[in-house]
Colleague: 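I have a structure I would like to understand better, so I am pasting it below and will then ask my questions one at a time.
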Amino acid sequence: MRRALKPARVRVRVPATTSNLGAGFDVLGMALTLYNELEVSVRPGVPGCVVVVEGEGKGSLPADETNEVARVLGLSSSRQVEIRQNNGIPVARGLGSSAAARLGAVLALRALEPGRKDDDWVLSRALSLEGHPDNVVPALLGGARLGLQDGGRVVNVPLRAPRDLAAVVCIPAFELSTEKARRILPRRVPRADAVFTSARVGLLVYAFERRQYQLLKTAMQDVLHQPYRRRLVPGMSEAIDAAYAAGAFGAALSGAGPSVFALAPKRSGASVGRAMEKAFHRRRVASRALTLGIDTRGATVTRLS
Ligand code: HSE
């Protein structure tokens, strides 16, 4: 679709997200201090649609009008638009990189298209592209969030984010597509699994709210997705166990994987990360751990000209 875009230059920064947090499959998510930056310039001097990808995804993400950002902006090769991506979020690792790319593009579109649109427009637009409120909602708004769709409406609830903890992610060197990681899940779940899950989501909300972090080990147990995804992520269970042995309060697969996420006392963040790396290594999986914080600002948009 050809769109009317205002001549302008905008910079959008979108945080990585870890979703599910164990039992909160498809509903809970949290923004992390790791970012994708996107600059979009609409100006007559640009020779067609120029896309430059730096950082994560350089060489693998398309650098032409088939790039996801260009597609969301509705660009063809003849449009005089330059898109520069500087990606800090590893691709297809369960850290919300595709939600960040799509949300970033929708935010750029809102800044460049004539007319006023509110955050609800951004959310429903990004969700129609992405379909996962557990990544899109915290990526837009920051913090820890519960997000769901009720009919056409997106309901999002801020949780008290455990900002006093380290958010440790251990990122295996291989990619896993969300589609593949969802295909292996059963379509129906036994009632006992539903009860197990709703109890733990409630417990997690309470644990965050009251800073009762010793409850997280129980609250982050999951039966809906992790037991099935284990076979796609060699080392997952061992990395979760290693995180607990090194002092983490809670640990789980990050989103659809393959990264593993842990919440730990700040002083233990680095040792929890190393323990997870070693656990993956024992299963012959290379990985790297990052000790991050929780982003509470969400996505930001800066008009540069
Ligand atoms: N909650 C999704 C899943 C991840 O576990 O498949 C993408 O948000």
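Numbering of ligands and ligand atoms starts at 1, following listing order. In this text the structure is predicted, and so the values were computed from the model without any measurement.
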Colleague: Would you please determine whether Gln226 falls within less than 4.0 Å of ligand 1 on a heavy-atom basis?
Modeller: no
Colleague: Would you mind listing which atoms of ligand 1 come within a distance below 4.0 Å of any non-hydrogen atom of His132?
Modeller: 7 (C), 8 (O)
Colleague: Below 4.0 angstrom from a heavy atom of Asn135, which ligand 1 atoms are there? Numbered from 1 as shown, please.
Modeller: 7 (C), 8 (O)
Colleague: Considering non-hydrogen atoms of the protein only, which is the closest contact for atom 4 (C) of ligand 1, and what is the distance?
Modeller: Ser19 OG, 3.7 Å
Colleague: I'd like to know if Arg84 pairs up with Glu37 as an ion pair, taking the criterion as any Lys NZ or Arg NE/NH1/NH2 lying under 4.0 Å from an Asp or Glu carboxylate oxygen.
Modeller: no
Colleague: Going by the order shown, which atoms of ligand 1 are within less than 4.0 Å of some heavy atom of Asn20?
Modeller: 1 (N), 3 (C), 5 (O)
Colleague: Between Arg282 and Glu238, does any side-chain N to carboxylate O distance fall below 4.0 Å?
Modeller: no
Colleague: Is it the case that over 12 heavy atoms from other parts of the model lie below 6.0 angstrom from the CZ atom of Arg182?
Modeller: yes
Colleague: Taking only heavy atoms of Asp26 into account, list the atoms of ligand 1 that are under 4.0 Å away from them.
Modeller: 1 (N), 2 (C), 3 (C)
Colleague: Let's go through Val52 and Val50 carefully: what are the C-alpha distance in whole Å and the side-chain angles of both, what is the deciding distance for side-chain contact (heavy atoms from CB on, under 4.5 Å) to 0.1 Å, and is it a yes or a no?
Modeller: CA-CA 7 Å; Val52 180; Val50 176; 4.2 Å; yes
Colleague: Need the ligand 1 atom indices (1-based, order shown) with element for anything under 4.0 Å from a heavy-atom of Phe25.
Modeller: 3 (C), 5 (O), 6 (O)
Colleague: Would you indicate which of His225, Arg182, Glu179 comes nearest to atom 6 (O) of ligand 1 when only heavy atoms are counted?
Modeller: Arg182
Colleague: Is a donor from one side chain sitting under 3.5 angstrom from an acceptor on the other, for Gln226 and Asn20?
Modeller: no
Colleague: Are Leu185 and Val223 joined in one hydrophobic group, where the rule is that I, L, V, M, F, W and Y side chains link up if heavy atoms are under 4.5 Å apart?
Modeller: no
